[in-house]
Every structure is written in C-alpha cells, then in structure tokens.
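Keep in mind the model is a prediction, meaning the values are calculated, not measured. Atoms within a ligand are numbered from 1 in the order they appear, just like the ligands themselves.
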Amino acid sequence: MADKLTSSFMRSLCMGQIEQDVLFPFPTLPADQQALLHEIAAALEDLLGPRAEDFRQWDVDGDLPADFLQELKDFGLFGLIIPEEHGGMGLGNMAYSRTLQEVGRYDASVAVTIGAHSSIGMRGLLLFGSDEQKSRYMPQLASGEMIAAFCLTEPGAGSDAAAIKTTAVREGDQWVLNGNKLWITNGGFADFFTVFARTGAEGEHGKMTAFIVTRDMEGVSTGPHEDKMGLRASSTTSVLFDDVRVPADNVLGEVGLGFKVAMQILNSGRTGLGGGSVGAMKRLIKESTQQANERKTFGQPISSYGLIKEKVGQMIVDCYTSEAVVTMVGGLVDGGYREYAVEAAISKVYATECLTRTADEALQIAGGNGFMREYPYERIVRDCRINRIFEGTNEILRLFIALTAMNDVASQLTELSSSMKGVFSEPIKGFGVLSDYARKHAKLRTGRGDSGKLQNLDESIQPQADAFELETRYLARAADRILRKHGKNIIGKQFATKRLADIMIDLFVMACTMSRVQASIDANGVQKASQEIEILRVFTREARVRIKRNFRRIDNNEDELLKALAIDAFEVERYRWDTI
Ligand SMILES: Cc1cc2nc3c(=O)[nH]c(=O)nc-3n(C[C@H](O)[C@H](O)[C@H](O)COP(=O)(O)OP(=O)(O)OC[C@H]3O[C@@H](n4cnc5c(N)ncnc54)[C@H](O)[C@@H]3O)c2cc1C
C-alpha cells in the first residue's frame, strides 16, 4: 500500500513507479455527504437559479449588493469548510469543491467571493490555527459575520511572493505591520485578513510570517473597488497597513514559516477553483447544446453540422476529464495524503485551461449572439480569464510541476551515486543509468512486478491502460533526456521544462479518467458506461499525440530561434517589419 505521508502519484510516476492504489478506486463521497450535497444543490438552485438577470446587471454595475451578500451568509455559504463544532458545515475537500461547482454554474463573481473566503482567506486558520484562534474566529467566519481575505500579493510581488515588502516588527507582545497589498479578493468587505509580512531579510523565504489581522485594528484600510475585465461584481481592492499593532498571539503557524503557510493554503485550496471551472463548463454545455438545437442556418439546426459537433464533443471530453482530476485531488486530500501539491497544481492548470477553451467555443457556437451582453457567453469568457493568472499563474505552476519531478530524479541520482560508487562518476551522463534503474526496479504496486501492467481493469479499457503504461516510459525518458541535455542548468530551460510538465499533466489526467471510468463500469456495467469509455478513448488518443510531440521536440525544436526573435523584440521594444 502507498504510504499516505510520503506518496505522490506523479512524483512516483516520474521515477517509473505506478502507485495504482493511490488513484484506484475512484474516490466517492460517503452517503451522508452525498445526501447533503443534493440538498445544497437544490437549495442553491432556488437561491441562484432565478437571479440570472441580477447577475448580468451586477456585472455591469461592478457590484454585489449587500442584501444579496446577506442571503449568501444566511444560506451558510461562508461556513462550508468550518468544522461543525464551530458552526460550519464541516465539508471535506471533495464536497467543498463540488459545492463551488454548483455555485460556479450560476455566477463566477459569487463563486469567487465564497471561494476566496474558504479556499484561501480562512484556510490558514483551519490548517495552522491554534485551538484558541479557531474558537475566537471560526464561529464569526462560519456565519459570515466576518468574511475572510488572503493578503499576499503586493505591487512588486506577485508570482515572486518572497519579494514582499510588507514588514512586521516585534515590539513587546505585539507586531507592528506596515505595507500595501494589491488586488485582494473580498478586500472591500472582509473583516478577517490572513496577511503575509516580512519578519526577516528581503527575499528570504524562511523569514516571512503569517498574521491574522482584523479590520477593527487601527491602521487597517482598504482602497477603492477595482474596475476589472471580469468577475466584476466581486470585490477586489488594495489593503493597506499603517503601523497596525497585531497581538503576538495572532501569528498563524510559526514565526518565519509564513512562506510555507502561504504555499500550503494555496495547494489545499486549489480544488475550489477547479470545482468552479467544472461548474462553469457544465453550464456552458447546457447553453451551447440548446443554442445549437434552436439556431438554424441553411435550413438545418447548426447542431447537425460536423464543425459544431466537434466543438461540443470536445467540451464534453474536457469537462468529464477535468471533473475526474478535480474530484481525484479532493479525494487525495480527504483520504489523508499529504503530498498532493503537484497533483493539485495539475488540476488547477488543466481545469482552468479546459474552461477557457470551452467558454471560447461556446461563444463561437452562439455566433454574433455570443458577443452580445444580453447572452451569458461573453461574461463567462471575461470571468474565466483570471483563472489562469491567480492562485499561481499557469506558467509558474507548470514550472513547479516539472521541476519538482526533476528534483526527485536528481535526488534519486544522488542517493544512487553514493550506493553505486563509480557508476555516476559523471553525474549528468549517469541519468540514463538512473532511468534504467528506475524502470527495472519499479515495484509496480499492481503486484504483477516487472510486467508493468495496471491490474483489475476492465478489458474494455485495457488498451488505454496499455497506452498509459507505454507513455509513462516516455515520461521517464523525457525527464532523463532533459536532465542529460541541460544538467543543473535546467532551472533556466523553460521550454524544456514546460514540455515535461505537459507530459505529466496529460498522464495524470489520463490516469484519473481511467479510474473514473473503471468506477463507472464497476457500478453500472460496460454497456451503461459505454459513452464514458468513449470519452477515455478520445482523451487518450489526443493525449498520446501531444505526449509524442512533446517528447520529439525535446531535441528537435525551434526554441533558440524563437528566443532570438523575442530577445531582439525586447531590445527594440516594437515589431520591426511593417508593410508601409
Ligand atoms: C481579480 C484578481 C484577484 C486577485 N485576488 C488575490 C487575492 O485575493 N490575494 C492575493 O494575494 N492576490 C490576489 N491576486 C493577485 C494574483 O494572485 C497575482 O496577480 C498573480 O499571482 C500573478 O502575479 P502578478 O500579477 O504580479 O504577475 P507577475 O508575477 O508579474 O507575472 C507576469 C507574467 O509573467 C509570468 N512569469 C512570472 N515569473 C515567471 C517566471 N519565473 N518564469 C516564467 N514566467 C513568469 C507570469 O506567469 C505572468 O504571465 C488577484 C489578482 C486579480 C487580478
């Protein structure tokens, strides 16, 4: 059995090891939580279903009215992940993500307001708070009396969070905070802020500390509501700290470990954004299929045309596979796995990019109507654009996904090199030996040893299982080849790193989808699961084409030419070739 403290499916996969028992069987919610979710979904339909026109108007106004916010509080939407003993619903990660999915069907501004509170705003309290801190704040956070916000970003520090300049200086039993935070979701009405400040020299990860700051502390203020492209009804403001005196017992976690606190909050909250993305995709599929059936051109409904079917078919594959990945990551968190950061990052990147594609194609299916504000498509396109930027940009997350894997391969090399003296006299050349070693010694958790077969899968999806195993070899070879080519300079080789990340993303999505389809076959039989089997087939074929292409392009690419063009453009800061 995989060790829940140390196992990461993807990190093991990069070492040639398929830890099947981590992903199989596909996670399901206990019956009581399923029943609760059905109730929540029905109640949300009553609450949000009739508000379509309001959501459209609030997007135009750029505001979520206070009485509607009160309705969300009364519903309990701010207490989703707060334990029942503190007045919340005590939902696990899967159920929470699923609830955001339901909200995401109706309106992204509402989903992000609730999500910023639970996914990031108060999650630090849940993960790192002392019992005393929890008793002090959780009841008010559960009722919505206090809404939470997460304050990390600053004008000079977004992706590079360690560059924050907000400082906290210890004075007696208080810390004095000074600094400006930028683009803080819920900033306009939050009362509870998880704030990150420097308690050591600039740029040192270890010298950041997390604090609980409340609006009633003197010196806390917020800037005006930002005028945004999307999520317009959600509140985004700056949050300013001017000599704010924070009691020492408001430190969240340990002094100096704030960077770790921030990263763990973001890792653990990622299924919220994934869930919201899946909800929006489901809604778009509903709208697009209705629109395509109704709209006639050349005497036929446009749903009869191949080019429209291609778009809707792809939307379904994207939505089903995204839901498989997001649910799986929620299941890993609820199942007590501790090493899920790479998998959570993959779920965020994949689900947000599938939603981008789905929203764009849904607008295309709607034609000119899609461009009109009267219809929901253009708003969803605008709303979902931020998903690839906040909670870790998809670029930074891709680097994280691949570099974590490479780091593992490199540390295995170090371990091996000490136990196999001489083999690694030239470390970088030794990677080939390493991947051979990893392959030969891969103890496939399937029990069939070196045959490398996933076990107990229905024969209808055996070809996809075979493909997965085969493509896993490409992953090991890709990591090996990239490391041999670039060695320790890999950190600066982002074209190569992205290719490895993309291979990893495709493989994880394939594995999660296989697990989901197998669960459906187990529950309903092959006949009833036939469409889901087809979805797995389509995804696997598409993924294999991408994986092979990414692998081929490790050595055969235009990277240097593209880089040269970009470097020249950065120098002249313009496009050189005009026709007039
Ligand atoms: C609507 C909205 C809500 C937000 N809510 C919150 C919130 O509640 N709390 C909070 O703390 N923050 C919040 N943010 C901030 C958000 O998290 C940041 O915008 C995000 O982290 C990116 O930082 P940045 O904007 O400074 O971009 P930058 O870090 O400047 O990045 C610019 C571009 O460069 C790329 N890039 C950067 N570094 C690298 C690299 N090393 N290699 C390759 N590419 C790189 C990025 O991927 C991006 O494409 C919000 C932002 C918005 C717009």
Side-chain angles (χ1 to χ4, degrees), residues 59 62 64 108-124 147-166 179-190 192-197 203 208 210-211 213 222-241 258-259 261-263 265-267 269-270 272-273 276 345 348-349 352-353 356 382-403 490-499 501 559 562-563 566 570:
D59 168 70
L64 213 55
S109 284
V110 177
V112 86
T113 302
I114 296 162
H117 173 86
S118 295
S119 294
I120 53 177
M122 49 124 307
R123 190 167 290 256
I147 290 181
F150 175 85
C151 303
L152 179 61
T153 304
E154 296 182 5
S159 303
D160 184 8
I164 60 167
K165 288 197 165 14
T166 294
N180 299 341
K181 297 291 178 177
L182 187 67
W183 302 328
I184 304 306
T185 305
N186 292 347
F189 43 68
F192 176 101
F193 302 94
T194 300
V195 182
F196 297 86
M208 194 190 277
F211 295 90
V213 179
T222 50
H225 189 95
E226 297 285 350
D227 188 9
K228 307 190 293 284
M229 165 186 179
L231 299 182
R232 288 179 49 76
S234 74
S235 161
T236 311
T237 70
S238 54
V239 182
L240 317 174
F241 305 99
F259 192 79
V261 171
M263 294 307 118
I265 291 173
L266 291 167
N267 286 336
R270 286 212 166 98
L273 195 48
K348 190 268 190 181
V349 171
T352 58
E353 292 180 5
T356 297
R382 285 187 285 109
D383 285 345
C384 77
R385 185 60 187 85
I386 187 60
N387 292 349
R388 286 152 54 208
I389 297 173
F390 63 12
E391 295 191 25
T393 69
N394 287 12
E395 288 80 12
I396 295 291
L397 290 178
R398 276 194 164 83
L399 298 178
F400 168 74
I401 290 163
L403 290 176
I490 185 63
I491 298 286
K493 302 294 174 190
Q494 296 195 340
F495 286 65
T497 309
K498 177 171 181 278
R499 285 186 189 112
D559 298 358
L562 277 176
K563 260 191 252 175
F570 292 139

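For the side chain to side chain donor-acceptor pair (under 3.5 Å) test, no residue two or more places apart in sequence or in another chain qualifies with Asp383.
The only option from Leu64, Ile386, Thr113, Asn186 that meets the side chain to side chain contact (heavy atoms under 4.5 Å, CB included) definition with Ser234 turns out to be Thr113.
Separating the CD1 atom in Ile396 from the CG atom in Asp160 is a distance of 8.5 Å, to the nearest 0.5 Å.
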For a distance cut-off of 3.5 Å, show me each N or O of ligand 1 paired with any protein N or O, plus the separation.
from, atom 1, to, atom 2, distance (Å)
ligand 1, 5 (N), Trp183, O, 2.9
ligand 1, 5 (N), Thr185, OG1, 2.8
ligand 1, 8 (O), Thr185, N, 3.0
ligand 1, 8 (O), Thr185, OG1, 3.3
ligand 1, 9 (N), Phe150, O, 2.8
ligand 1, 11 (O), Leu152, N, 3.0
ligand 1, 11 (O), Thr153, N, 2.9
ligand 1, 11 (O), Thr153, OG1, 3.1
ligand 1, 12 (N), Thr153, OG1, 2.7
ligand 1, 14 (N), Trp183, O, 3.4
ligand 1, 23 (O), Ser159, N, 3.4
ligand 1, 29 (O), Ser159, N, 2.9
ligand 1, 29 (O), Ser159, OG, 2.6
ligand 1, 42 (N), Gln494, NE2, 3.0
ligand 1, 47 (O), Thr393, OG1, 2.7
ligand 1, 47 (O), Glu395, OE1, 2.9

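Ring to ring, Phe150 and Phe196 are close: their centroids are under 6.0 angstrom apart.
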Please lay out, stage by stage, how Arg398 and Glu353 fare under the test salt bridge (Lys or Arg N to Asp or Glu O under 4.0 Å). CA-CA 12 Å; Arg398 276 194 164 83; Glu353 292 180 5; 2.9 Å; yes

Run the numbers on Lys493 and Asp559 for salt bridge (Lys or Arg N to Asp or Glu O under 4.0 Å), then give the verdict. CA-CA 10 Å; Lys493 302 294 174 190; Asp559 298 358; over 6 Å; no

